[in-house]
Structure formats: structure tokens, C-alpha cells
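See below for the structure under consideration.
No experiment lies behind these values; they were computed from the predicted model shown.
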Amino acid sequence: MSVISSHSALNRLFSSTLQTRLIAARTLVKEQWQLDTAWLESFKNKLSSADVITFDVFDTALTRIVETPADVFALMEDSLTHNYGPTFNNFALERETAEQAARHTAWHQEKRREVTQHDIYTALAGLLPQTLCSPHHLAALEREIEHHVCLATPEIQQAVTMALQTKRHVLFVSDMYLSGKHICQLLTQAGYPAPLTLLASSDTLHTKAEGHQWRLVKNKYPAGAKILHIGDNQQSDVASPNTHGIATHPYLHARSTPRKGGPLCPAILPFSIASRVAQLTHPRCTAGQNTMAQLGASWGALVVGAYAKWLATQAAQVKPRHIFFCARDGALPYAAWKTLRLDAETQISSSYLYLSRKALNFGAAATSCSPEHLSPAALETLTQTYRPNSVKALLTRIGFTEHSPIMQQAAQQFGSLQHSIFGSTPNSVMHFKAFLQHHAAEVYARLCIDRDNATAYLLQQGAHQGPIALVDVGWHGTMQASIAQLLRHAGYVPQIYGFYCGLWNRAQRNRPIAGWLDGAFGNDFLPDNTQYALRNAVAILENLFTANHGTTVGYQNHNGTMVPLLAHSEIESAQHARIIKPFQTATLATLKQLSATGQAQTLLSTDLTLETAFASLARLALSPTTNELHDIGSLEHCGDISHASYLPLVHPLTHSTIAECIEETNKSEWPLATALTLLAHSKGTEKTALTHALTALFSHYDTRTRAQLQ
């Protein structure tokens, strides 16, 4: 059997789909690169006072068209499985693990901080004993793929030309396991003039980061030579050379995104390449609109588009009469459904339905109650809280005004209307349930108003004319169960199919009432602790999918038509305009282009699969970038049906003890991001203790994701 050689053509390396993607990526980056003229001007000013100019290689002189360097291994896995089949499934993770093992061995046996490609593939041979390719051939494949994904950065090409024209010495310095010979080949192929002078850590076994490499650099030139270094890494290319008397001029435009957690497999490549192309063809900017637009054109198109396509496939099987996209989290999927023209494809009509837990669940609770008795299920609904709530807030959300007699009686019984009710204090909940039961007639009367209004709205919209489908993000099927209860109480036999992003185990309790449920990215038959990627994506999906209108708090009759009553939130309006709208606009623009031509930048219409979408979803949720942490993490979210209190997805840093940090992380809507933020703001012994505690908290996560906590 022949092996893949380092001189193989692109069409021998990859599938036709990946060939198309890689060619498009290189073309787009070269054609749409926006030159940083300000950086070049400042470099020119510094050049006059330097004798030697040193350049970092990767993420400086060269950039890759994948988002994070480890995605080269995903390209290798794609190539190997394309040529040799499933024997090489999980190769990317094994390759990453082999490098970690090689570095561990090098340090503990020889006290060296750098490894060679030979070291890595020797370690890999032990992990893949049945490989069809020898370590030598696998190493050659990696080098060949690097040639296909690396290209020169225009600013550094011009900087090298300036330096050579002004007779400065030019030296490339790289911390990299590839040999100097192979790095030089990458540089010359990318267009840098030969012959090149280069110091590679794999040859010297010293690194820029630990500093000894800079002593070797200085020894190459006469004492007193003024050296200027250009690079992107704060430690290796700025702090370390500065300590050795070397001036620096950071270059950040081509810095890659070091996502060290989440999936590392071929399914991540559509997102990785699309995201990288967006980064390299737009000016670097920390503004939310730029970050979120780039995310919408890559992550958003893949996740939302795949969800809509999955929905079309499932709907074609069960054949509902009509599909209802549920407010508010069904807004973006509904827009995607229309953009992809799936109404016509499936021959199933669709519309937008104004719903909420508050508008439905309280009305449905009335169906199990009477003026004399509130059912246990109804009491659970009425007292359910995700955060501490006051007695006043809980009575208000049932529908009682501040001057209602029941409010006055509650103030007397609990001492204050601000008395806190929360599930972590069971006695407070028990006493509040007893209070509601004592006032069953008044509570039931309020619930009946919600019941009758919600039922009238559902009938008006045709929800009783089944079979129908509901589309929402998830997670327990409670609203579907409430709709079924309301329709049954009104004398109908509902037939409802629920399509969701995901479902938790508790959804099984609602199946007998709700009917058919299915999840795209996870379901209630999977243990919740195995769905940790989805758990971290819940609030991200709920916010980025949401409509630009307030939550539905109820319904009222307006000139013979039932209309939804919508709450208004200044917080939600502001963050929708600043963060969510740019994301949604870019998502739909990309889907429109995919629908029309089959390709948008490097994305292809065939990329809209659950496998690709879930890999993208998990990578963002489990390994966010700094900008994503800032922009998405700042979104304020209300998980409570009272819709009264908001917390950012990444909790503010208010902790003072390890126990409080863990509690903060547990409460967070985005636990992994909160943990990473807490660690980033910790130091010394506190950081060590926090690392141990968080590693234990996330012990059910995959090894790669947990490693970010070290």
C-alpha cells in the first residue's frame, strides 16, 4: 500500500470538499488582506535605529488559514481517514497527546523545554501501534499540510524587504518543533527571499520564552549591535527579549486563536477555516459588532443553518400540518428557515408564535386546580425560582397588584413583602406554598384568567388543528406540556411534535403530557453530565437566537383579536442592538448566500450538518476567545420566569473564598467561561487552590477541555 508522501498534490491529500475550502481560504486571505499601514510606518521609524531585525515565524512572518494551530492535526486526520479509512479516527487528539507526552519526557529526563518532530512522532508511535503509516510518513504528512495552510503576512514581507534594502541583518527566530530546514522551506515557499538565516528551537533545544535563545541571537552579532525583534507573543516576543536588552515591536494582526479546549476533529474544520478567514480579512478590533459579525458569518451560519436543515428533515418524516417557531428563542431559527426557503422544500407552512413559560405555565396550572385546592404541580410552578425572589415578586408574577388584599396579608404573615423565597431554603418555599394554599380561591381565579387568555390565543393561531410542530431551544418540554394541557382542557385532542436544540433528563417527566419530543444537539435519554458542552451553550443559544422584543407576559383581547402582552427591557434592547443584531444579520446574510450559490466565503451548503454544527457549538462554549468572553459573556440573561433580575453570562468577580468561587461557577449560565475568568484573575496560592477545586468540579469534562484549567 502506498503512503502519502510529503510531495503529494492537494487532490491526493484531501476530499474534493476540503480542497475547495482550502483553495478558497488562501485566495480570500490573499485578495482581501487589509494592510496595516500604520504598523508599517511605525516599523519604518524604528528600523533606522536598529542594526539587526529578528522576526518570529508562526503567527508573524507566516500565518495559517486554520483558526488554531492544533487544527492542522484535524486536517491530518481528515486526510488520513480520506485515504486509509476509520483506522485514523481520533488521530488529531492522539497527535496532540503525543506532543504533550514528548514534552513531559524531554523535561523530566533531560530538563529541556523544547522537543523535535522526531520526539513527537516517537511518542505517537506508542499511541498508534496499528498505524498503516510509519511515524516517518506521518511526520512528512504534517509538514506537507503545513505547506498548504501557511502563507506569508504582507506586513512582514514588506518589513523584511525594507530591512534588506537598508542593509540590516535579518534573522528569523522560531520556537517550534519543526526543524530549521523545514521552517526555511515554509518561508521561502511563502515568498521570503532565500537564503534565509534562522534559529529554530528544535535545532538549538532552547526557546525564546525561557530566554537562552536570545543569548544565542546576541552571540551571532558584534557586541553592542542594536537588535529589534518583531513577534506576537507577549512572553516570547516581548518580555523575554526585553530582559536581554533587545527592543521589540509587537505585530498582532496575524495572531491565531489558541482554543485549547473543545473538539479537535475534522468536523471542526468548516468553522475553524471560516473563522480564521474572517479574522485575517478584517481589521483587528475589540468592538462587539465586529466580533459578533465575524462569529455570525461562521459559527452562527453553521449552528443555525444545521438546526434548520435538521428540522426540515425531521418535519418531512412526521409531516405536521404547520410549524410554529416559538418566541423568543425561535426567532433566528424562523428567519433561517425562511432564508433557506425550507417552507417550499418541505411544503409545510410556518409562523411565529408568541409564548413564554409565564404566559403558558400559569394558565396550564389552573387545569389541575379548583377554588378549594391548588395541586402540588401547580404549587411547584408558582414557587419555582432560579434565584432568590421576594414574596412580593412571586405574588406579582401570579398577577396580584401591590394593593391587593393578598399582598397585605402576605406582608403580615412573612413580616415583609421583601422576605426571600428560594429553593435552597426549603422552609421558606414550604411556608409560601402553605400561604398560597390558604388563599386558593384568589390564586385560582388569577390562574383561570391566564388559562382562558392563553387558550384563546392558541385556538386563534390554530394550535388545536393538529398535527403541529413546535420549534424552540428546549430544555424540559414544559411549554409543550402546558399547550397540551390547555388544549385538552378546552376539549381538543392535541397532536404536537416538539423540535428543540436539546433536552435535559427532566423532560422525560413531561413526555406523557407533552407528546413527541426530539433534540438536535442532545436529548433527555443522555445523562445530563455527558452533555456538558450543551450545558455551557444554553444561555449562548437562548440569547443569540432571541427576537428583538420583550418576553410574552400574557394575552389580552384587542378588538376581537387576542394579542400578546410584551414586557420591555432596556437591558435587552441595548444588548440586542450592540451584540445580538450584528450576529444575526451576518448569520442570515451567510445563509442567504449559501442558499443561492451553495458557497459563502469558505463555507459550503454541505457543511450544514449536525456533526459540524455541534463541533462548532462545543468549541465556542468550551474554549471561548478573549473577545467572545468579553462580548458574549457580558450578555445579561434572566433565567427566571418572573423576568425581573438579570445576570451576565460570565459572572462578575465578587468572590473572596474558594467555596464562593465554586458556588459562583455553579450558578453561572456559562460555567466554563466563568471558571476561566476566575482563574485569569487569581494569583499565587489562591490560583493553585482554585485550579484544584475547579478541576474537581469539571471532572466529567473531557481531558482536553479540563487542561485549560491548569
Check each of His476, Arg506, Arg511 against Asp524 using the side-chain hydrogen bond (donor to acceptor under 3.5 Å, both in side chains) test, and report the only one that passes. Arg511

Does the pair Asp71/Arg619 count as a salt bridge with the N-to-O cut at 4.0 Å? yes

Let me confirm one number: the CG-CG distance from Asp631 to Asn290, rounded to the nearest 0.5 Å. 9.5 Å

Supply the atom-to-atom distance Phe324 CZ to Asp472 CG, rounded to the nearest 0.5 angstrom. 14.0 Å

Stepwise side-chain contact (heavy atoms from CB on, under 4.5 Å) check, Ser256 with Arg64: CA-CA 8 Å; Ser256 61; Arg64 296 182 179 93; 5.7 Å; no

Do the side chains of Lys667 and Glu660 get close enough for a salt bridge, i.e. N-O under 4.0 angstrom? no

Does the Lys NZ or Arg CZ of Arg95 fall within the cation-pi geometry relative to Phe88 - under 6.0 Å from the ring centre and within 45° of the axis? no

Please name the residue in the list Arg578, Lys581, Arg328 that meets the salt bridge (Lys or Arg N to Asp or Glu O under 4.0 Å) test with Glu572. Arg328

Parallel, tilted or perpendicular for Tyr352 and Tyr354, by the 30°/60° rule? perpendicular

Apply side-chain contact (heavy atoms from CB on, under 4.5 Å) to residues Phe499 and Val318 and explain how you reach the verdict. CA-CA 11 Å; Phe499 297 104; Val318 299; 3.9 Å; yes

Using a 6.0 Å cut-off, check whether atom CD of Glu611 has over 12 heavy atoms from anything other than its own residue. no

Give, for atom CD1 of Ile273 and atom CD of Gln601, the distance between the pair rounded to the nearest 0.5 Å. 13.0 Å

Which atom pairs, donor and acceptor, lie under 3.5 Å between side-chain atoms of residues 587-594 and protein residues at least two apart or in another chain?
from	atom 1	to	atom 2	distance (Å)
Thr587	OG1	Gly296	O	3.2
Thr587	OG1	Phe583	O	2.9
Thr590	OG1	Ala586	O	2.9

Kindly state whether the ring of Trp337 and the ring of Phe325 have centres lying under 6.0 angstrom apart. yes

Given side-chain contact (heavy atoms from CB on, under 4.5 Å), test Thr291 with Thr625 step by step and report yes or no. CA-CA 10 Å; Thr291 300; Thr625 66; 5.6 Å; no

For the backbone of Ser573 and the side chain of Asn548, can you confirm whether one donor and one acceptor N or O come within less than 3.5 Å of each other? no

Please enumerate all residues that pass side-chain hydrogen bond (donor to acceptor under 3.5 Å, both in side chains) together with Arg341, with sequence neighbours excluded. Ser595

CG (Leu690) and OG1 (Thr665) are apart, to the nearest 0.5 Å, by 7.0 Å

Give a yes or no on whether the backbone of Ala539 and the side-chain of Asn543 come within a donor-acceptor separation of less than 3.5 Å. yes

Between Gln480 and Asn510, is the side-chain hydrogen bond (donor to acceptor under 3.5 Å, both in side chains) condition met? List the steps. CA-CA 8 Å; Gln480 184 174 331; Asn510 283 321; over 6 Å; no

Taking everything shown except His104 itself, do over 12 heavy atoms lie less than 6.0 Å from its NE2? no

Please work out which of the three classes, parallel, tilted or perpendicular, describes the rings of Tyr701 and Tyr532, given edges at 30° and 60°. parallel

